[in-house]
Amino acid sequence: MSQMSQLTIEEKQTIYNLLKTASQNVYGYTPDAFKNEKLPEQIPVKTVTPEPEHISPAEPVQTETPISEITTSTPIPSGVSVGVSMGELILKIARCTRCPLARTRTNVVPGTGSRTPEVLVIGDGPGSPEDNSGLSFTGPAGDLMDKMLYAIKLNRKTNCFLTNAVKCAPPQNRDPYPEETEACAGFIEAQIKCLKPKMILCTGRIAALTLLKNNKEINLSLPVDQLRGKWYDFNSIPVLITYNPSEVLKNPDLKRPVWDDLRTFAAKLKELSPSYAQSFGQ
Ligand code: SF4
């Protein structure tokens with residue numbers, strides 16, 4: 001039995017409060033979507049996937065952070081405004097019941113990768129492999145995503161973070177419904193504030209729609225082939241849209257346009273962060 005599990009509820013609460021205070025000191029930000037929100041006294045969660053600084057896509061790593069232990073058993077005082085360290089976001093996502101996907105998920109899928117990324121990749125939604133593992137972009141589409149990123153010297157272990165427009169897998173691998181992406185959009189906002197990526201790659205139309213819904217310069221009713229290849233802006237962060245790797249697996253003809261998009265993306269990233277590739281492979 002771990003030392004953490006031997007602690008009393010009060011001791012866990014004290015540790016949680018310390019972690020929360022430290023995180024707020026680091027990040028100093030509470031997203032609008034979560035301001036004034038009261039946490040329920042105690043909600044059991046199915047599972048939480050704790051994440052260390054860097055996570056191997058193949059090896060879900062148990063972290064020494066006590067967040068995972070606290071989330072499953074510690075009551076949090078009502079009226080606490082949750083800050084947005086990544087640990088707290090995972091806690092918040094794990095307890096989220098804002099949309100019906102909470103009832104059908106096996107695991108929440110908060111995101112995977114470096115906590116200090118150059119790039120944030122946003123997909124449409126988790127599928128079955130992600131629902132089972134709790135990690136973003138796993139299975140064949142995840143393997144292809146890693147190859148795509150590797151080709152432009154991005155790596156989820158070192159300089160890239162991957163997440164989705166919704167943090168719970170829709171049943172039967174269907175696309176997320178608009179009300180589900182709307183309910184979940186605050187988490188993307190918070191993750192961007194936490195992670196501070198220099199650029200964002202949206203893989204799929206739903207990801208783009210979720211992120212850029214307030215951008216008047218984009219017609220989000222268009223298909224990806226008419227949205228890709230152009231630069232968009234989210235809070236002064238350049239955004240590029242390309243195809244979802246699962247679409248590329250179904251239609252190999254999309255490999256060429258995806259590669260063109262990746263080269264465009266990498267060229268811009270090199271302008272903004274000339275040394276970005278140095279952390280690749282470390
Ligand atoms: Fe909450 Fe998002 Fe999961 Fe819906 S998809 S339950 S909003 S975390």
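Sequence positions, counted from 1, serve as the residue numbers for this chain. One-based numbering, in listed order, for ligands and for the atoms of each. Everything numeric here is computed off the predicted structure, so don't read it as measured data.
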**Total protein N, O or S atoms, atom 1 (Fe) of ligand 1, separation less than 2.8 Å** = 1
**Complete:** d(Thr163 OG1, Glu130 CD) to nearest 0.5 Å is 10.5 Å
**Asked** Say you draw a straight line from SG of Cys168 to CZ of Arg98; how long is it, rounded to the nearest 0.5 Å?
**Response** 11.5 Å
**Message:** My understanding is that only residues two or more places apart in sequence, or in another chain, count here; which of them pass side-chain hydrogen bond (donor to acceptor under 3.5 Å, both in side chains) with Ser236?
**Reply:** none
Atom pairs and distances, side-chain donor-acceptor, residues 216-224, under 3.5 Å, sequence neighbours left out:
unit_1: Asn219; atom_1: OD1; unit_2: Ser221; atom_2: N; d: 3.0
unit_1: Asn219; atom_1: OD1; unit_2: Ser221; atom_2: OG; d: 2.5

Can you list, pair by pair, the side-chain donor-acceptor contacts under 3.5 Å of residues 264-276, counting residues two or more places apart and other chains?
unit_1: Thr264; atom_1: OG1; unit_2: Asp260; atom_2: O; d: 2.9
unit_1: Ser273; atom_1: OG; unit_2: Glu118; atom_2: OE1; d: 2.9
unit_1: Tyr276; atom_1: OH; unit_2: Ile152; atom_2: O; d: 2.7

**Message:** Whether the Ser114 and Asn159 side chains hold a donor-acceptor pair (N or O, under 3.5 Å, no angle test) is what I'd like checked.
**Reply:** no
**Request:** Could you list which atoms of ligand 1 come closer than 4.0 Å to a heavy atom of Arg105?
**Result:** 3 (Fe), 6 (S)
